[in-house]
There are 2 protein chains.
Amino acid sequence: MTSTLGFAIMAVLARGARTGYELATAMSRPLGYFWTAGHSQIHVDLQKLLAADLVRFEAEHGPGPQGRKVYHLTPQGREALRDWVTEPPRSRPERDELVLKSYASWLADPEQVAELFRERLAEHEARIAEYERQQADFEDVPAADRPAFGNYATLWCGLSYERHRAAWCRWMIEQLGAGS
Amino acid sequence: MTSTLGFAIMAVLARGARTGYELATAMSRPLGYFWTAGHSQIHVDLQKLLAADLVRFEAEHGPGPQGRKVYHLTPQGREALRDWVTEPPRSRPERDELVLKSYASWLADPEQVAELFRERLAEHEARIAEYERQQADFEDVPAADRPAFGNYATLWCGLSYERHRAAWCRWMIEQLGAGS
DNA sequence: ATGGGCATGTAACGGGTTACATGATTCG
DNA sequence: CGAATCATGTAACCCGTTACATGCCCAT
């Protein structure tokens, strides 16, 4: 059974061949906002994909103890990825530390809690500005059958998420100030 | 080092003494939208909290092979929880399978992808209706030093999140239909 | 020549899920 | 008396993080 990370790797590979190292940088923060992985896990999963013949690699002479390995999707890999896209996602449990903190916030000093949320708000606002810049680089919404559509769709979601988060932070700050 | 689940347990215990079983039901879906855990993990973590003297229990004669154990926070536990609230959250990596699917959606049949998002949209709309009902049960926003404030804050966040998600689903469905 | 970036991997560990194991109480 | 619910716990396994280990290539 291919893990979700396996599909994430294949989703990147569907846009072009990469080394494990390049996959790791593409999937590290702050890029790749929706699936992150360290290089160790990527190498492990690449070997599983290799065993299932969903990816293959061209060995190249280059840096590293074993040289470069440029991975690409096999036709089966592309097919498996396409089939996976339309399957309903297995829902992962929501785990949000900041929401948990808000749940216990009544115990703490409101001013300190407000400070915590002011810091988060600044982060969200910075990300909103960055995503808006990225969105402005698109002249139009790409057509749904072009790879760029995937980029645009995730960007739209990320922007919407950050705005929702920022709004919540503002509401929290307001509430915490109102009691004084 | 207390795990985040440890703090989640303490956050529930701060509202009143519970058994491990009651903690597990309180932290299972669909309740407890922001931190879930199975009973096995809860028992493991309760033993760690016990070792750190952050919680204690009263043994009661009752059901179960070892009887009931009603856990409550110790003063140190309450203090640790209060201190933790105002510490910045260690950010967990964003991992969102649906966003990943949207990133690879250009590979698949638009109508099938649209169907996937219509199903998700229906789920979000159902949750919005439920959360709105719960929100209506509050007459006012509770004061920031009352436990109910924590409930209201998480509910606010959950509602805002579901609306953002629903909006994204609607946008996706629209885009996927536009190409025909 | 040496330091930083490129590059591939393994090992140890922690947290979480699922399955397994056990048994008391309560209600019909 | 049997089933559902309440209740506690262990074991196997998976996934991910962090740390460790190695070594090439290129620019200064």
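In the text below, chain A, chain B and the rest are named by the order of the sequence lines, each starting its count at 1. Small disclaimer: the values here were computed from a predicted structure and weren't measured.
The side chain of A:K69 lies closest to C:dT8, out of D:dT8, C:dG15, C:dT8. Counting only heavy atoms from C-beta on, A:P63 has its side chain closest to D:dG23 among D:dG23, D:dT8, C:dG15. Comparing C:dG15, C:dG9, D:dT5 against the side chain of A:H39 picks out C:dG9 as the nearest. When the nucleotides C:dT8, D:dG9, D:dC15 are ranked by their closest atom to the side chain of A:T19, C:dT8 comes out on top. Side-chain proximity of A:S3 to the nucleotides D:dC15, D:dC6, D:dG9 is greatest for D:dC15.
Spacing between atom CZ of A:R95 and atom P of C:dG14 amounts to 18 Å, rounded to whole angstrom units. Distance B:M27 CE to C:dG15 C1': 13 Å, rounded to the nearest Å. Here the P atom of nucleotide C:dT8 and the CG atom of A:L46 are 8 Å apart, to the nearest Å. Put simply, CZ on A:F57 is 7 Å from P on C:dG9, counting in whole angstrom units. Regarding A:E22, its CD atom lies at a distance of 8 Å from the P atom of C:dT8, rounded to whole Å. Counting to the nearest Å, the P atom of D:dG9 and the CG atom of B:D45 are 13 Å from each other. Summarising the geometry, the separation between CZ on A:R18 and C1' on C:dT8 is reported as 18 Å, rounded to the nearest angstrom. Atom NE2 in A:H43 sits roughly 17 Å away from atom C1' in D:dC15 (whole-Å rounding).
Donor-acceptor pairing under 3.5 Å is lacking for the side chains of A:T86 and B:D109. Side chain to side chain, B:S160 and A:R165 fail the donor-acceptor criterion of an N or O pair below 3.5 Å.
For C:dG14, the OP1/OP2 oxygens have no side-chain nitrogen or oxygen of B:K48 closer than 4.0 Å. OP1 or OP2 of C:dG16 has at least one side-chain nitrogen or oxygen of B:Q41 nearer than 4.0 Å.
Relative to the six-membered ring of B:Y103, A:R15 meets both conditions, a distance below 6.0 Å and an angle of at most 45° to the axis.
Not a single donor-acceptor pair, N or O on each side, falls under 3.5 Å between the base of D:dT17 and the side chain of A:S40.
Nearer the 5' end of DNA chain D, as judged by each residue's closest nucleotide, is the contact made by A:L5, out of A:L5 and A:H61. Take the nearest nucleotide of DNA chain D for A:G38 and for A:G62: the residue whose nucleotide is more 5' is A:G38.
B:T4 comes within 4.0 angstrom of nothing in the nucleic acid, heavy atoms only.
Applying the 6.0 Å contact sphere to CZ of A:R118 captures more than 12 heavy atoms from other residues, nucleotides or ligands.
Each of A:L13, A:V55, A:L5 was scored for a side-chain contact (heavy atoms from CB on, under 4.5 Å) with A:L49, with one residue passing: A:V55.
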